[in-house]
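Working notes, beginning with the structure itself.
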2 protein chains.
Amino acid sequence: MTVSNVLNDHPHVKSSTRAKVVKAMEELDYRVNHAARNLRSGRTFTIGLAVAEFDRPYWGQFAARVIEEAAAHNLRVLVEQTGRSKENEISALALSRNRMYDGLILSTVGLSASDANMLRVDYPIVILGERIFSGPVDHVAMANVEGAEAATAHLIERGCRRIAAVMGPMGADPDASSLRFAGYQQALAAAGIDTDPALHITINEWTLKGGHEAVSRLVGSGVQFDGLFCATDTVALGALRALHEAKLRVPEDVKVIGFDNLTEGQYSTPTLSTVNPDSAEMARMAVKLLVQRISGGSAKREPTEFVSSVRIVERESTAAL
Amino acid sequence: MTVSNVLNDHPHVKSSTRAKVVKAMEELDYRVNHAARNLRSGRTFTIGLAVAEFDRPYWGQFAARVIEEAAAHNLRVLVEQTGRSKENEISALALSRNRMYDGLILSTVGLSASDANMLRVDYPIVILGERIFSGPVDHVAMANVEGAEAATAHLIERGCRRIAAVMGPMGADPDASSLRFAGYQQALAAAGIDTDPALHITINEWTLKGGHEAVSRLVGSGVQFDGLFCATDTVALGALRALHEAKLRVPEDVKVIGFDNLTEGQYSTPTLSTVNPDSAEMARMAVKLLVQRISGGSAKREPTEFVSSVRIVERESTAAL
DNA sequence: CTTAGAATATTTATCGATACAAGACTTATG
DNA sequence: CATAAGTCTTGTATCGATAAATATTCTAAG
């Protein structure tokens with residue numbers, strides 16, 4: 001017990017006793033057993049982070065920030081890859097219920113509004129994504145509609161009139177794709193430009209490959225376009241490559257804008273204009289909200305929704321001619 | 001106890017009993033408490049992965065593969081970011097000693113040969129990096145020298161004679177930088193080309209920014225060069241941008257090759273030639289070795305060193321004219 | 001109908017840290 | 001010197017799953 005008091009900086013331990021304990025711990029190479037501590041204290045000092053795929057620059061950068069923020073709160077991060085399947089997202093929730101971690105930051109792609117009741121759980125949880133769930137859950141979201149609208153408006157302002165949108169599949173629930181697509185349409189409507197379904201491209205993966213293939217197909221189809229709003233920077237970088245292969249010049253023939261403000265876009269040729277959603281702030285807020293829930297205890301507060309601000313970053317791919 | 005038997009698929013449980021238990025578990029919404037299980041069983045079914053930075057494409061892709069492989073063995077992955085500091089690498093080791101996880105995959109950059117005794121630990125551990133430690137520890141490494149030699153030889157074969165090397169700082173111990181640099185020099189020597197110290201560039205960070213700044217400086221210095229061997233693909237992508245800004249054409253004026261075979265290099269302009277170290281295989285092997293150590297128990301085997309094979313991937317940045 | 005032997009179920013002790021409470025020791029004060 | 005109030009130390013029970021041993025039920029052969 002005295003050892004435990006020393007370990008936990010209990011106030012009433014004589015310094016001579018403390019010294020003796022510390023000395024003995026060193027001699028014996030003593031290490032606390034976390035399993036025992038977790039069992040007794042009911043806390044694990046570990047939070048979960050469940051995202052679809054780890055090997056995407058966006059999520060990698062996001063995870064790095066979450067790990068840093070968590071470390072600042074003395075929390076470790078356990079990583080789950082859900083691979084954008086509903087089952088895995090539910091299983092991440094179940095793990096959390098198993099008390100493997102004190103709380104969970106969950107990025108939802110597979111779960112839909114009809115699964116909202118899955119989230120009615122009594123342990124700390126923060127959802128990354130749109131506020132499609134009515135449960136008493138904190139959310140950290142992007143201003144998808146506003147960002148997409150600003151991006152599209154930026155293309156229009158630069159003179160584009162036939163702007164293609166490269167988006168992911170859109171479900172019945174509002175997901176990032178449909179919200180960004182809505183922003184795109186709002187901007188077109190505000191400028192009085194007709195939308196042309198031939199310019200709406202759906203890809204399955206928000207990857208370099210996805211962007212490349214989609215734009216190659218678009219070019220091959222013969223449909224004319226002078227602007228490209230891509231779902232993410234990664235998609236846009238794949239698109240840039242496809243345009244280069246098609247001998248279309250950016251920004252002279254086609255202007256391109258992405259979404260996410262990845263570092264990669266600062267060094268591509270041409271450099272990539274984008275929407276900066278301030279994901280560092282999102283990571284900080286997600287951890288902060290989770291920590292509040294974890295330590296909050298009785299002081300329950302209403303579920304919060306944090307929406308990160310967006311800002312257009314102009315680079316070469318949308319430069320004025 | 002019967003519940004425990006059901007949970008663990010103990011062979012002698014009557015199916016009617018099992019059914020009753022399962023029913024009761026559902027009614028009560030029972031969840032196992034991992035802390036208790038860990039305490040009693042002495043296992044956590046979690047492994048640690050400690051790498052320098054998570055928000056680098058190479059490590060992000062590597063981590064994703066480790067997570068997948070671990071999942072196949074019913075293991076979860078706890079991620080540590082060491083930020084390439086010695087203290088954090090040691091602290092990752094300490095956590096492992098705390099039995100927070102069953103084993104640890106540790107990428108060393110800060111630890112040097114003089115710290116080898118830190119690795120003389122009695123729990124499962126796999127080191128990513130060069131075999132600079134003599135302790136009884138499994139290693140998973142890249143064929144850095146061979147890869148660098150092949151890359152440089154490829155540039156020579158394509159006609160380059162003044163090849164610059166963009167490497168990281170080299171310590172006294174063999175690290176990735178010094179090994180790749182050694183390979184570079186071997187290739188030059190084999191071709192009878194003199195080395196010119198003006199062509200040896202050191203950068204602090206293996207990042208886009210690092211590569212961009214270094215090559216901008218090189219171009220600004222007026223030193224002539226017709227080939228560029230970069231420490232990593234990320235560095236090379238930064239270099240490509242710097243060359244573009246300097247109006248140097250790739251591959252006409254300068255040929256460029258990287259190391260890692262990141263997906264990004266397939267979609268850059270121009271696409272990037274590289275050394276493929278098969279890091280998927282490395283991830284698979286690291287988990288496999290660790291699992292062997294964890295479950296091996298008495299059947300101790302000698303420390304293994306796995307060196308992944310390397311293969312040159314030719315793309316536009318080193319295309320013959 | 002017995003009874004060996006297997007199949008199934010249950011009891012007990014335990015992993016190691018810590019909450020809680022009680023005990024021991026100090027010091028201050030009248 | 002007695003007592004209170006504080007400071008420091010230690011006993012005991014407990015978190016929940018499970019290893020090991022023990023107890024019970026079942027099956028099949030004689």
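Naming convention: chains lettered A, B, ... in sequence-line order (proteins, then strands); numbering from 1 in each chain. Scope of the values below: all heavy atoms of this structure, side chains included, with no hydrogens, waters or symmetry mates.
Using a 4.0 Å cut-off between charged side-chain N and carboxylate O, B:Arg284 and B:Glu281 make a salt bridge.
A:Arg31 comes within contact range of the sugar-phosphate backbone alone, with a heavy-atom separation under 4.0 Å but no base atom that close.
Remark: P of C:dA17 and CZ of A:Phe45 are 15 Å apart, rounded to the nearest angstrom. The CG-P distance, from B:Asn5 to C:dT10, rounds to 10 Å in whole Å. Put simply, CG on B:Asn33 is 13 Å from C1' on D:dT14, counting in whole angstrom units. Atom pair B:Arg43:CZ and D:dA19:P shows a separation of 12 Å (rounding to whole Å applied). Distance B:Met1 CE to D:dA17 P: 11 Å, rounded to the nearest Å. Here the C1' atom of nucleotide D:dA17 and the NE2 atom of B:His34 are 11 Å apart, to the nearest Å. One can place CG of A:Asp9 at 14 Å from P of D:dC8, the figure rounded to the nearest angstrom. Between B:Leu7 atom CG and D:dA17 atom C1' the separation is 9 Å, expressed in whole Å.
For B:His12, counting side-chain heavy atoms from C-beta on, the closest listed nucleotide (D:dA17, D:dT7, C:dA7) is C:dA7. Of the listed nucleotides (D:dC8, D:dT18, C:dA17), C:dA17 has the atom at the smallest distance from the side chain of A:Tyr30. Side-chain proximity of B:Val32 to D:dA17, C:dT18, C:dA17: nearest is D:dA17.
OP1 or OP2 of D:dT10 lies within a sub-4.0 Å distance of a side-chain N or O belonging to A:Thr2. Between B:Asn8 and D:dT18 there is a side-chain N or O to OP1 or OP2 distance below 4.0 Å. The shortest distance between the side-chain N/O atoms of A:Arg40 and the OP1/OP2 oxygens of C:dA19 is not below 4.0 Å.
Residues B:Ser16 and B:Leu39 each lie close to DNA chain C; by heavy-atom proximity, the contact nearer the 5' end of the strand is made by B:Ser16. Residues A:Ser41 and B:Lys14 both approach DNA chain C. Their nearest nucleotides, taken by heavy-atom distance, put B:Lys14 toward the 5′ side.
Each of B:Leu290, B:Ile294, B:Leu289 was evaluated against B:Gln292; a single residue qualifies, B:Leu289, per the side-chain contact (heavy atoms from CB on, under 4.5 Å) test.
Under a cutoff of 6.0 Å and an axis angle of 45°, A:Arg43 and A:Phe45 form a cation-pi pair.
Ring geometry, A:His12 versus A:His10: the interplanar angle exceeds 60°, so the pair is classed perpendicular (tilted spans 30 to 60°).
Side chain to side chain, B:Asn5 and B:Thr2 fail the donor-acceptor criterion of an N or O pair below 3.5 Å.
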